[in-house]
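Accompanying notes for the structure given below.
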Amino acid sequence: MAPHGEGSEEAMVVQDENRKPISSILIVIAMQTEAMPIVNKLQLKEDLDSVFPKGVPWVRYHGVYKDLHINLVWPGKDSTLGVDSVGTVSASLVTYAAIQALQPDLIINAGTAGSFKVFDLYGVGSRQSFSTPNLLKELNLKAGKLSTGDSLDISPQEEASIVANDATVKDMEGAAVAYVADLLKVPAIFIKAVTDIVDGDKPTAEEFLQNLAAVTAALDQAVTQAVDFINGKCLSEL
Ligand code: ADE
């Protein structure tokens with residue numbers, strides 16, 4: 001007889017959390033070009049008194065949008081090379097520090113991604129993101145399995161593994177954000193807009209740069225619509 005074991009109490013706490021209105025969202029974005037349209041749309045302001053360790057390039061924008069406290073973090077420019085700090089290392093570090101400092105109810109990792117010619121293999125990720133069937137339906141978004149690696153191009157071995165695991169989009173940060181979110185038990189969702197066809201005819205980097213501006217506008221729209229949908233809801237309604 002164990003009606004109230006530790007496991008069930010834990011499950012009840014999670015259930016209660018899922019039924020509270022979401023009040024704080026953390027948006028994690030790797031590139032300044034991807035971040036700024038969203039910062040402007042949601043009228044977020046840069047934090048001049050950083051919650052992050054002194055000297056790191058990480059940038060936080062924040063504000064209140066409708067009923068939500070929104071924080072958007074961007075890992076900033078690499079201090080030596082002056083380029084955006086893309087990739088898994090900076091994404092995991094900034095996500096960890098932001099969760100610790102800001103205690104969000106929900107994380108959105110938004111960004112661009114590469115896709116594949118065959119885009120009909122939808123699957124469940126090996127690290128399951130927070131399930132949002134209502135949000136997907138309302139915004140008419142496609143659900144897919146995301147593969148993350150620290151480069152824009154892929155080796156033939158990586159491509160074989162992506163195909164074997166039914167991944168349909170490829171980015172450079174998602175798995176890192178998912179790892180940290182899972183570690184600290186914060187639900188996370190991933191919104192990716194496609195800039196390039198990885199196994200298409202055009203060189204990936206060229207296609208990525210060609211499409212970046214237009215795709216960033218689509219990303220901005222999808223993220224804003226998602227935030228509007230999330231406003232006033234609890235996790236279990238997503
Ligand atoms: N972001 C946009 N396109 C990408 C690609 N092909 N690989 C990784 N990240 C990307």
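Indexing begins at 1, ligand by ligand and atom by atom, following the structure's order. Atom set for the values below is all heavy atoms of this structure, side chains included, hydrogens, waters and symmetry mates excluded.
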In the protein, which heavy atom is nearest to [atom], and how far is it?
| atom | value |
| --- | --- |
| atom 3 (N) of ligand 1 | Asp196 OD1, 2.6 Å |
| atom 2 (C) of ligand 1 | Thr195 OG1, 3.1 Å |
| atom 10 (C) of ligand 1 | Leu152 CD1, 3.5 Å |
| atom 1 (N) of ligand 1 | Thr112 O, 3.4 Å |

Notebook entry, point to check: Is Gly149 in contact with ligand 1, taking contact as a heavy-atom separation below 4.0 Å?
Noted result: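 No, Gly149 has no heavy atom closer than 4.0 Å to ligand 1.
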
Notebook entry, point to check: Side chains of Asp220 and Thr224: is there a donor and an acceptor less than 3.5 Å apart?
Noted result: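 A pair is found: one side chain offers a donor N or O, the other an acceptor, under 3.5 Å apart.
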
Next item on the list: Classify the side-chain pair Thr148/Asp171 by whether it contains a donor and acceptor separated by less than 3.5 Å.
Entry: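 Judged by distance alone, the side chains do pair up.
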
Notebook entry, point to check: Checking side chain to side chain contact (heavy atoms under 4.5 Å, CB included) against Thr95, which of Val73, Ile107, Leu184 comes through?
Noted result: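 The passing option is Ile107.
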
Next item on the list: Please report the shortest heavy-atom distance between Cys234 and Asn18, naming the atom on each side.
Entry: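 Looks like CB-O, 3.3 Å.
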
Check: What are the two closest heavy atoms between Phe130 and Leu235, and how far apart are they?
Finding: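 What the structure gives for the nearest pair is CE2-O, 3.4 Å.
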
[X] neighbourhood, listing ligand 1 atoms whose heavy-atom distance to it stays under 4.0 Å:
| X | value |
| --- | --- |
| Phe208 | 2 (C), 3 (N) |
| Ser151 | 7 (N), 8 (C) |
| Ala113 | 1 (N), 2 (C), 3 (N), 4 (C), 10 (C) |
| Asp171 | 8 (C), 9 (N) |
| Gly114 | 2 (C), 3 (N), 4 (C), 5 (C), 6 (N), 10 (C) |
| Thr204 | 6 (N) |

Next item on the list: If you link ILVMFWY side chains whenever their heavy atoms are less than 4.5 Å apart, which other residues fall into the same cluster as Phe208? By chain and number, please.
Entry: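 Members besides Phe208, by chain and number: Met31, Val86, Leu152, Met172, Leu209, Leu212.
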
Next item on the list: Tell me, with the steps shown, if Glu34 and Thr112 meet side chain to side chain donor-acceptor pair (under 3.5 Å).
Entry: CA-CA 8 Å; Glu34 296 163 340; Thr112 53; 2.7 Å; yes

Next item on the list: Would you check whether Val198 has a nitrogen or oxygen atom less than 3.5 angstrom from a nitrogen or oxygen atom of ligand 1?
Entry: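 Such a contact does not occur with ligand 1.
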
Next item on the list: Report yes if some N/O of Lys170 lies less than 3.5 Å from some N/O of ligand 1; otherwise report no.
Entry: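 Checking ligand 1 against Lys170, an N or O pair does fall under 3.5 Å apart.
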
Note to self: On the six-membered ring of Phe190, is Lys192 placed so that its NZ or CZ lies under 6.0 angstrom from the centre and within 45° of the ring axis?
What the structure shows: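 The answer is no, since Lys192 fails at least one limit relative to Phe190.
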
Next item on the list: Report the residues that fulfil salt bridge (Lys or Arg N to Asp or Glu O under 4.0 Å) with Asp228, sequence neighbours left out, ordered by chain and then residue number.
Entry: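 Asp228 satisfies salt bridge (Lys or Arg N to Asp or Glu O under 4.0 Å) with Lys66 once adjacent residues are dropped.
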
